[in-house]
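Below is one structure, written out as structure tokens; the observations come after it.
Starting from 1, each residue takes its place in the sequence as its number.
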Amino acid sequence: MMPPMGGFSFDLCKRNAMLVQKGLKQPSYLKTGTTIVGLIFQDGVILGADTRATEGPIVADKNCEKIHYMAPNIYCCGAGTAADTEAVTDMVSSQLKLHRFHTGRESRVVTALTLLKSHLFSYQGHVSAALVLGGVDVTGPHLHTIYPHGSTDTLLFATMGSGSLAAMSVFESNFREGLSKDEGIKLVADAICSGIFNDLGSGSNVDICVITKEGKEYLRNYLTPNPRTYISEKGYLFEKLFPLIIFMF
């Protein structure tokens, strides 16, 4: 018998392939939907995300948070499976905190990038987390995208998720280097709104996080472009059909 090995086990993948050959129909994947973006402006980095969480065709959460804390100077937007994005960002965030305790220095964005891409690559895409990582450290502002298989890009502006094409069209039309803070926030908000209104997997509100060397500013529900339009003036009354009976034993 072989001793247990470290790393990810693909035994269940082999089992599933065998079951498919025997006629078992595998369950279909649930479609995930998100619009996440980021850009570099003159003083730092701005990240943005919508707030809709979907479960196939169902809206599971109308106001979830997709901008995750990594370090005081680093935040990360997550698209894909919600559990995977939260787990992988929480894990790397704790590693960064231990690293700060050990070195007594501020975390660098490239450190977070290396930890994230190494973890995702080791799982060969089975951890469904597509990330936009942004932060400001001693070397300046940085913006990276990380794909589920572990590949990365370093860009001035980036979009990911099912609404990324709509958001990218806004960036490519209006982005320029040296944007002010207000111009950057408006451009990020416009890009997220483009995803919200043109992608069924994205929706609800706009969250924005501004990171500079002075600190971060988290603008929760910066825009609410989809307010509830109809509420009954009389309210909702439900007639009691059965009397409430409490038995004491």
Side-chain angles (χ1 to χ4, degrees), residues 28-41 45-70 75-87 89 128-134 143 145 148 155 157-175 179-211 216-238:
S28 61
Y29 289 99
L30 288 177
K31 182 183 181 298
T32 59
T34 285
T35 303
I36 53 174
V37 307
L39 62 78
I40 292 178
F41 73 110
V45 175
I46 302 175
L47 302 175
D50 72 302
T51 63
R52 172 178 289 181
T54 57
E55 187 178 351
I58 301 168
V59 177
D61 190 346
K62 295 180 181 179
N63 199 28
C64 69
E65 294 187 44
K66 300 181 183 180
I67 304 178
H68 305 281
Y69 169 88
M70 301 293 291
Y75 278 74
C76 184
C77 301
T81 302
D84 286 344
T85 59
E86 289 190 18
T89 52
S128 178
L131 309 171
V132 175
L133 178 72
L143 182 69
T145 58
L155 304 162
F157 58 91
T159 68
M160 293 197 82
S162 57
S164 61
L165 295 180
M168 182 58 76
S169 68
V170 174
F171 275 171
E172 290 188 340
S173 300
N174 301 293
F175 179 83
L179 289 169
S180 68
K181 176 182 173 181
D182 291 339
E183 290 173 333
I185 289 176
K186 182 180 183 305
L187 184 54
V188 166
D190 289 344
I192 296 297
C193 285
S194 179
I196 286 173
F197 290 118
N198 294 283
D199 171 47
L200 291 177
S202 308
S204 296
N205 308 320
V206 178
D207 286 351
I208 288 177
C209 184
V210 182
I211 308 169
K216 62 91 181 173
E217 183 180 3
Y218 197 123
L219 304 174
R220 175 71 169 150
N221 291 348
Y222 176 74
L223 290 179
T224 55
N226 287 307
R228 185 171 178 178
T229 56
Y230 174 75
I231 299 176
S232 174
E233 295 179 357
K234 298 179 182 180
Y236 299 94
L237 298 176
F238 301 96

(message) Could you check whether any side-chain heavy atom of Ile46 comes within less than 4.5 Å of a side-chain heavy atom of Ile208, counting everything from C-beta outward?
(response) yes
(request) Could you label the plane-to-plane angle of the Tyr218 and Tyr75 rings as parallel, tilted or perpendicular, counting under 30° as parallel and over 60° as perpendicular? (result) perpendicular
(request) Any chance you could measure Leu131, atom CG, to Met160, atom CE, to the nearest 0.5 Å? (result) 7.5 Å
(message) For a quick test of reading the model, state the closest non-hydrogen atom pair linking Gly78 to His68 and the distance between them.
(response) N-CD2, 4.0 Å
(message) Could you check whether any side-chain heavy atom of Leu143 comes within less than 4.5 Å of a side-chain heavy atom of Leu47, counting everything from C-beta outward?
(response) yes
(message) Looking at every non-hydrogen atom in both residues, tell me the closest pair between Asp50 and Gly203 and how far apart they are.
(response) OD2-N, 3.2 Å
(message) Could you check whether any side-chain N or O of Asp84 sits under 3.5 Å from a backbone N or O of Ser128, counting only pairs where one atom can act as donor and the other as acceptor?
(response) yes
(request) Hey, could you give me each pair passing salt bridge (charged side-chain N to carboxylate O under 4.0 Å, His left out) that has a residue in residues 185-204? Not counting sequence neighbours. (result) Lys186-Asp190
(message) Taking the side chain as everything from C-beta on, heavy atoms only, tell me whether Leu187 gets closer than 4.5 Å to Phe171.
(response) yes
(message) Within this structure, what is the CD1-NZ distance for the pair Ile67 and Lys216, rounded to the nearest 0.5 Å?
(response) 10.5 Å
(message) How close do Ser194 and Val170 get, counting heavy atoms only, and between which atoms?
(response) CB-CG2, 3.7 Å
(message) Using modelled atom types and a 3.5 Å cut-off, is there a donor and acceptor pairing between side-chain atoms of Ser164 and backbone atoms of Thr159?
(response) no
(message) Just verifying a value: how many Å separate Cys209 SG and Leu219 CG, rounded to the nearest 0.5 Å?
(response) 8.0 Å
(request) Give a yes or no answer on whether the side chain of Arg52 reaches the backbone of Leu200 with a donor-acceptor pair at less than 3.5 Å. (result) yes
(request) Check whether any side-chain N or O of Thr35 sits under 3.5 Å from a backbone N or O of Ser202 as a donor-acceptor pair, and report yes or no. (result) no
(request) Specify the closest pair of heavy atoms between Leu133 and Cys76, including all atoms of both residues, with the distance to one decimal. (result) CD1-CB, 3.9 Å
(request) Indicate yes or no for a side-chain donor-acceptor contact from Ser180 to the backbone of Glu183 under 3.5 Å, with no hydrogens or angles considered. (result) yes
(message) Donor-acceptor check, side chain of Ser162 to backbone of Thr34, threshold 3.5 angstrom: yes or no?
(response) yes
(message) Give me the atom names and distance for the closest heavy-atom approach of Thr145 to Ala158.
(response) CG2-CB, 3.3 Å
(request) For residues Tyr222 and Ile192, determine if any side-chain heavy atom of one lies less than 4.5 Å from a side-chain heavy atom of the other. (result) no
(message) To check you understand the geometry: which heavy-atom pair defines the closest contact between Cys193 and Val206, and what is its length?
(response) SG-CG2, 4.0 Å
(message) Using modelled atom types and a 3.5 Å cut-off, is there a donor and acceptor pairing between side-chain atoms of Asp207 and backbone atoms of Asn221?
(response) yes
(request) Output the distance between atom OG1 (Thr51) and atom NZ (Lys66), rounded to the nearest 0.5 Å. (result) 7.0 Å
(request) Hey, could you give me the SG/CD1 distance between Cys77 and Ile36, rounded to the nearest 0.5 Å? (result) 5.5 Å
(message) How long is the straight-line distance from CG of Asn205 back to CZ of Arg220, given to the nearest 0.5 Å?
(response) 7.5 Å
